[in-house]
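A quick write-up on the structure given underneath.
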Amino acid sequence: MFKNIPLSMLRAFEASGRTGSFRNAAEELCLSPSAVSHAIRNLEEHLGTRLFLRSTRRIQLTPEGEALFTHIRRGFDDLRHGMELVSARGPTVLRLHSAPSFAAQWLVPRLARFFTDHPRIDLRLAANTDYARFEADEFDLDIIYGEPKAAGIVVVPLGDELLTPLCAPGMAARIKSPKDLIGLQLIQSESKQIRWPAWLEANGLPVDAPQGARFDRSFLAIAAAADGLGVALESTRLAERELNSGRLVRPLAGKECEIRYNGHYLAYSSAAHQRQTIGVFREWLLAELASDTT
């Protein structure tokens, strides 16, 4: 039964399931909507099951269609990966997912060097707080905030980060010792593993609820501190550009009990560890981190 199903029929099904429309699938495949609809009906007849629920305005995958779509989409992704690996023409796609603040504050400013050194790698970057789903083959690599615990992945620590009070130069003149932070607006990053109470305790100060704006991303807290809204407890790695430009300073450098920790990790599927592009990016990333002096 299966040897009589042409690849074009499966392609029509995959495009229809992904776009949610026979018309959209037809435009993508340069076919007519009726040709796509006919291909789907032939596939349903071959399999002896209904794959889509149809109405005048929309289509929806049936449970059987959902199950088939998952496997067929993965199969097309595997085919594409295989052809990219052996092709001597055109760029090789590398799909990277990253924690948003790491991507915006540290990674993107360095990508020009990566593109110069590796012009044949077509890097696709997505950034949000969800973990990449390697089992669904959505991404090749993930830069994660916090150590991942999932099975079947390779995890590479990206080194120590210094977590320290940062503020605009005008505010720094008022901060000569850790106790001078008492009464100031302390900007809080709610997604941080280590927050103000831990730093205050480590520096012998009362662990009261800090007063100040709250943000759910480090890059927002860093921007707020640079604009003079208060003192942020942030990673000097993520605030590298602001520190280098002088928009932020470390008012307590050499006067505090420093907190260092492994904040970010590179992760990828152990099944894909031999993929050349993964090794290229991993080595480039580690070399860039090793060259950091912040």
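A perpendicular orientation is assigned to the rings of Phe13 and Phe69, their planes being inclined by more than 60° (bins at 30° and 60°).
Sequence neighbours left out, the pairs with a member in residues 146-175 that pass salt bridge (charged side-chain N to carboxylate O under 4.0 Å, His left out) are Glu147-Lys149, Glu161-Arg237.
Remark: side-chain polar atoms of Ser270 are not paired, donor with acceptor, to backbone N or O of Val154 under 3.5 angstrom.
Counted within 6.0 Å of CZ on Arg110, heavy atoms from surrounding residues, nucleotides or ligands total more than 12; the atom is thus considered enclosed. Within a 6.0 Å radius of CZ in Arg41, other residues, nucleotides and ligands contribute 12 heavy atoms or fewer.
Between Val280 and His118 the shortest heavy-atom distance is CG1-CE1, 3.3 Å. Considering every non-hydrogen atom in both Gly254 and Arg250, the closest pair reads N-NH2, 4.4 Å. The shortest heavy-atom contact between Ala103 and Ala127 is CB-CB, 4.1 Å. Nearest heavy atoms, Glu44 versus Phe52: OE2-N, 3.3 Å.
Defined by atom type and a distance below 3.5 Å, a donor-acceptor pair is missing between the side-chain atoms of Thr19 and Ser21. Between the side chains of Asn42 and His46, not a single donor N or O lies within less than 3.5 Å of an accepting N or O.
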Ignoring hydrogens and angles, write down the donor-acceptor pairs under 3.5 Å from the side chains of residues 199-206, residues two or more places apart or on other chains.
| from | atom 1 | to | atom 2 | distance (Å) |
| --- | --- | --- | --- | --- |
| Trp199 | NE1 | Glu256 | OE1 | 2.9 |
| Asn203 | OD1 | Cys257 | N | 2.7 |
| Asn203 | ND2 | Trp199 | O | 3.0 |
| Asn203 | ND2 | Cys257 | O | 3.4 |

